[in-house]
Amino acid sequence: MSDAGGERSLAYLSTIPVSRVKLLTGKRASSLNAAGIESVTDLLFHVPRRYIDRSTTAAINDVPLGEEVTVVGTVQTIKMRHVRKNLAIINAVVTDGETFLFVTWFNQKFRVRQLAEGTQVALSGKIERKKGRLEMKSPEADVLDRPGESLVTGRVVPVHPGVKGVGPGYLRRGIHNAVKRSLPVSDPIPAEMRERLSLMDRSAALQSIHFPESLDEVVPARDRLVFDELFRLEVALALQKRRQIDEAVGIAHVRASDGLMAELVKGLPFPLTTAQQRVIDEVQTDMARPHPMHRLLLGDVGSGKTVVAVAAMLTAVDGGHQGAVMAPTEVLAVQHFLSIGGLLAGAGMAPPLEALGMSDLFTQTDFDRPVRIALLTGSNAEVNYRESITRSELLAEIADGAVDIVIGTHALIQEGVHFHHLGVAVVDEQHRFGVHQRVELREKGAEAEPDLLIMTATPIPRTLSMTLYGDLDVSSIGRDEMPPGRPEVETVALAKTPAAEEQWLERVRDQAAAGHQTFVVCPLVEDSLKIEAASATAEHKRLSGLLPDLRVGLLHGQMVPADKAAVMAAFRDRQLDVLVATTVIEVGIDIPHSTVMVIEDADRFGLSQLHQLRGRLSRGVGPNYCYLVAEPTTTESEERLAAMVASDDGFVLAEEDLRIRGTGTVFGARQAGAADLRISDIMRDTQLLVDARREAFAMVAADPGLVDHQAVSAEVQALLGDAVAWLFVS
Ligand code: ADP
Ligand code: MG
């Protein structure tokens, strides 16, 4: 293994297959490949999950009894007995040269092979004294050394994460070979930056993270490698932002102080909050630039994002462009159509919509310039300027620019909807809207790329907005900046018992008597909308029986759209007291008189979903009640419910969610490179993330082609792979 100049780059090492490493050839190489370790670079990033410091592990005889300890010794004997059909007992005697320790495992047959006589092993668990003997039951056991093999390190033994098919000793010594043969590695980070951030030398960091002389070396070594990993990601994001925004041609919208938005503001039933004004200003400033906007608007449920969306679209419409709103579901698209139509009508800028029926509509002659909006989904084609319209007529009017604002689902950009001159797209609830949809959107713009505003009520902790969404500009409406007058929601976790059920039923009856309404959310059935619908139907029947005096409705995903719309309209018009629904109501539904929500089997929902659901409440009248009915079966689900009871702050809950689930699960394919974080833990490494982001964006700003930073460029390309390749075509 060599490279020009004696130092090897990680980019170069990522082209060397792991099978070239001594001890890791053949079958072991295949096993490593199966675990995602293909190159020497991959192997170098397979860092220890912990270390055993043999200079501080106490003698077996000296450790405190009954406490978690780690001791080191040699296996003297190991035997397995089959006591009965499903019970094998493995007994080992381990000695540190002075004291014998009697170790027992149950049914862990692999121990016999793992711990052959003569193996040096680190055992972690509790030691007890029984009948004068020291015993340990079912400890963790890490092989330090097999008979005849010599330890590769001194006092501190690294424990690398296990790889199926490769013994821990081979793995450790293989990695040792790889480190020895790879060093010194070149360092693409400029010396000035390394000094300023007190980053350790990269070669030293690789040596120290795998084979530290003392445990003190581990933290700075890890910090260095974490920084590098985050820096690579942030460089990719900075380049992506540069290519998608600063170098792309957009529409320079004109900010008219006497335009449609000003007219809307005058006609709103409430003054804009300071936060709404600020965010609208950020949006309009972006829109006025000749480059496309890619902005993320973070605002908890009920923070008043709709007005911001309308402001963006009216800014486009003012200059003769069109706006589009894309919602994740049809129900939500209808909801947006109603609320945007309502806002415009309320301000006297368009004819009023008659609920959902749209039966008697006005002519547009009363308005010198009505804002024309349309709803277009798989099953709806409606407009606010004509009583009825066919789908093909509507498509034609969108294409020739007769329609100002089109509201639909995400399919709007995926299917062949042709805009006359799309100026801005607003995407509601971004989590299903990824990078490649953004590319499709870009292709919608004829000569210039439309502006993009992504709105989400799923609060994104700062750490994620810097990684997952790191190429977007962010606006946010803080918790303390919400529109005034949202009633409190009291959240109660209830067991699944008849007494608890009577408690919430009583509340439902009370509230119905006061003219208020209840959502009953039925459990989520993964992968089967049919079963989900069936269980909601059964629950509807059961509750109708339990609440004979109340009007109980049903809404689920399997209903035809017209029926769904009719049920929603009836609920909105207070012709129903209770709505039994599946999670189709999750986002956006705005029912001012709803005061109670019962979430059944709440333990099956994720934390952000629970928060979204509860966000349907507190829409007008109060007080509000949310009942989480569950028999939690895991610690995680218990923690989720406790978090819901403790807080209604979406940002707090999002952080909590990350803590409970770990960050790995949130990445997925959303963002190139983000899924590749192997060493970093963005919840823990937040400061390094902040540093890496600042440095990466500064570097790309000063040197957009990375011509003075070829090594950085090569490393990002080599380590982040195909996903970032497009960033580097010139
Ligand atoms: P979001 O989409 O962020 O969840 P909405 O835009 O639907 O929030 O607004 C939530 C509720 O608050 C709506 O009923 C809306 O009419 C109301 N609202 C919005 N802005 C204000 C404001 N500045 N003052 C008072 N109420 C407002
Ligand atoms: Mg909304």
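Just follow the structure's listing: the first ligand is 1, and inside any ligand the first atom is 1.
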(message) If we ignore hydrogens and angles and just use 3.5 Å, is the side chain of Q517 paired with the main-chain N or O of L579 as donor and acceptor?
(response) no

Just which atoms of ligand 1 are under 4.0 Å from any heavy atom in [X]?
X	value
T273	23 (N)
Q276	19 (C), 20 (N), 21 (C), 22 (C), 23 (N)
P271	22 (C), 23 (N), 24 (N)
G304	1 (P), 3 (O), 5 (P), 6 (O), 8 (O), 9 (O), 19 (C)

(message) Regarding R255 and D281, does a basic nitrogen lie under 4.0 Å from an acidic carboxylate oxygen?
(response) yes

(request) Indicate yes or no: does R551 engage D577 in a salt bridge with an N to O separation below 4.0 Å. (result) yes

(message) For S303, state whether at least one heavy atom is located under 4.0 Å from any atom of ligand 1.
(response)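 Distance cut 4.0 Å: S303 passes for ligand 1.
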
(request) Under the ring-ring contact (aromatic ring centres under 6.0 Å, His included) rule, collect the residues that match up with H253, sequence neighbours excluded. (result) H321

(message) Suppose the criterion is salt bridge (Lys or Arg N to Asp or Glu O under 4.0 Å): which pairs have a residue in residues 507-516, not counting sequence neighbours?
(response)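 Sorted pair list: E502-R509, E506-R509.
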
(request) Step by step, work out the salt bridge (Lys or Arg N to Asp or Glu O under 4.0 Å) result for D473 and K241. (result) CA-CA 9 Å; D473 291 304; K241 181 159 187 260; 3.2 Å; yes

(message) Among R616, E481, K305, M455, which one puts a heavy atom closest to atom 1 (P) of ligand 1?
(response) K305

(message) Judged on heavy-atom distance to atom 7 (O) of ligand 1, which of T306, T274, I340 sits nearest?
(response)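 Nearest heavy atom to atom 7 (O) of ligand 1 lies in T306.
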
(message) Regarding ligand 1, does G302 bring an N or O atom to under 3.5 Å of one of the ligand's N or O atoms?
(response)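 Such a contact does occur with ligand 1.
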
